[in-house]
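Atoms within each ligand, like the ligands themselves, are counted from 1 in listed order.
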Amino acid sequence: MAEFPAFLSAQDVGSFAYLTVKDRLPQILTKAIDTLHRHKSEFFEKHGKEGVEAEKKAISLLSKLRNELQTDKPITRLADKWVDTDIWNHYLGHERSLLNGSDEEPRWFFSPWLFVECYMYRRIHEAIVQSPPIQDFDVFKESKDESFFESQESIDTLCMHIQQLRPARDFSEDELKDTLFKLLQISLWGNKCDLSLSGGESSSEKTDVINSLEGLMPFILINDTESLWELLSTYKKAAKSSVVRVDIVLDNSGFELVTDLVLADFLLSSELATEIHFHGKTIPWFVSDVTMHDFNWIIEHVRGSNQKFTSTCGAEWENHVKMGRWIYHDHIFWTLPHPYCAMPQVAPDLYTKLQKACLILFKGDLNYRKLMSDRKWEFTFPFHEALCGFHPAPLCSIRTLKCELQVGLQPGQAEQLMAFDPHWLTTGKYGVFQFDGPL
Ligand SMILES: O=P(O)(O)OC[C@H]1O[C@](O)(CO)[C@@H](O)[C@@H]1O
Ligand SMILES: [Mn+2]
């Protein structure tokens, strides 16, 4: 069997992985510590002295974590008793076994980047769950909410746009396709707005994204949206089955989530799908990722807007949830360090669930890294092969590029991009729609 390429790792001094572990992750930890500090009086009001003690404990655990990271200490077993603790510790054993009995231990600047980065977020969770009574505190909530409020204008413009489109049932075939493509692109560019790339600092959408789409076209490096249209319109025409289920594996809250909900709403109103299943995270993750709480919070806030078009969208979304046309799921697998090709073994129940979808949309960079096992594939390596057998259903990755990993490009395309823009892989300026169709 041909050998697999190595994992991205902070071992590669100067790489994006290296800079993330060296600079961005400590910065995120510092911000989390600062957030806890600033909530001290809130903890006191809620829980009295115990709340303040808990805040101190969480801060000391996070400071210890930051020190371990910055001094490249061995990665230790998790000490909490959460639902996934054993799976994590087992995985750590697996990482250790890969070192083949050498004296090496898994370490921050040595082990696979995907593993250490996920581990950091899991250790933040550990610090919080080990600090009752503030065990439910989300250290990233504040910045997620901020990014939503800062994007308010774009959200209003987007909601107005989609409200003025209706009713989608009267659309011609061309209009349907055109609108689907537009909303897919909005959801793609919504992925620029994640908070872990900016070290937790504000990263909201302030431009009119609808009017920017045309100008952004050249930045879509791979565009398989025609295949998505073909798949969904075939289902619609053939009335092939009474249920056309589209699953969206969500990424970030704030503006990106709104763009995903707008897309999901259109899939239903256009009858290209009959139900949408959303997948989010069980714990705060990579700063801005969606939890169930964020999902409900966003719908509630869109509903509560004083802008008529926006609140109408929110009311319709609330209704989709109530009527069971929109179903939110979470699963611990999404916050484990495993690549998705391991899903059938590690989370067979989730894999079986995903097999019921007609199409699965994977949003964002982290999902891409997990789909691709975070390995250094050649830029021209086929997407299907890099999935290493992961194929619960036809799937599409919708992602702006924020790490040094990209497959499926044309020969020479990467070299051209590199000559033109040396940072093309990591700034979120470029995007892809990469589809792996029915087998
Ligand atoms: O929100 P996304 O698109 O998954 O991005 C997560 C980000 O986190 C990183 O892992 C860096 O910390 C990048 O790969 C990516 O920029
Ligand atoms: Mn994210």
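Distances from the Mn ion (ligand 2) to the N/O/S atoms of Asp289 are shortest for OD1. Looking at Asp251 and the Mn ion (ligand 2) together, the shortest N, O or S contact belongs to OD1.
The part of Trp113 lying near ligand 1 is the side chain, judged by heavy-atom distances below 4.0 Å. When heavy-atom distances to ligand 1 are checked against a 4.0 Å cut-off, Asn252 comes that close only through its side chain, counted from C-beta outward. Neither the backbone nor the side chain of Arg399 has any atom closer than 4.0 Å to an atom of ligand 1 (non-hydrogen atoms only).
Contact atoms of ligand 1 toward Thr20: 12 (O) (distance under 4.0 Å to a heavy atom of the residue). The atoms of ligand 1 that sit less than 4.0 Å from any heavy atom of Asn191 are 3 (O). Close approach to Glu117 involves these atoms of ligand 1, each under 4.0 Å from a residue heavy atom: 9 (C), 10 (O), 11 (C), 12 (O). Per-residue contacts place Leu366 under 4.0 angstrom from the following atoms of ligand 1 (heavy atoms of the residue considered): 2 (P), 4 (O). Residue Cys403 has at least one heavy-atom neighbour below 4.0 Å for each of these atoms of ligand 1: 14 (O).
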For this session: Dump the intermediate steps for salt bridge (charged side-chain N to carboxylate O under 4.0 Å, His left out) on Glu230 and Lys177, then the final yes or no.
Result: CA-CA 10 Å; Glu230 221 169 275; Lys177 182 173 165 180; over 6 Å; no
Problem set entry | Trp297 and Phe148: CA distance, side-chain angles, deciding distance, ring pair (Phe, Tyr, Trp, His ring centres under 6.0 Å) verdict | CA-CA 10 Å; Trp297 187 93; Phe148 170 79; 5.2 Å; yes
Exercise. What's the verdict on ring pair (Phe, Tyr, Trp, His ring centres under 6.0 Å) for Phe435 and Phe383, showing C-alpha distance, side-chain angles and the deciding distance?
Worked result: CA-CA 8 Å; Phe435 181 65; Phe383 182 58; 9.0 Å; no
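For the 3.5 Å distance criterion, the side chains of Arg122 and Thr335 fail to qualify, holding no donor opposite an acceptor. A side-chain donor-acceptor contact under 3.5 Å links Asp80 and Thr85. Side chains of Thr291 and Asp294: a donor on one and an acceptor on the other come within 3.5 Å.
Between the Mn ion (ligand 2) and Asn252 there is an N/O/S contact shorter than 2.8 Å.
Nearest heavy-atom pair, Ser305 versus Ser311, reported as atom, atom and distance to 0.1 Å: O-CB, 3.5 Å. The two residues Ser187 and Thr259 have their closest heavy-atom pair at CA-OG1, 3.4 Å.
Remark: side-chain polar atoms of Ser373 are not paired, donor with acceptor, to backbone N or O of Pro339 under 3.5 angstrom.
At least one heavy atom of Arg369 sits less than 4.0 Å from an atom of ligand 1.
The distance criterion of under 3.5 Å between nitrogen or oxygen atoms is not met by Asn367 with respect to ligand 1.
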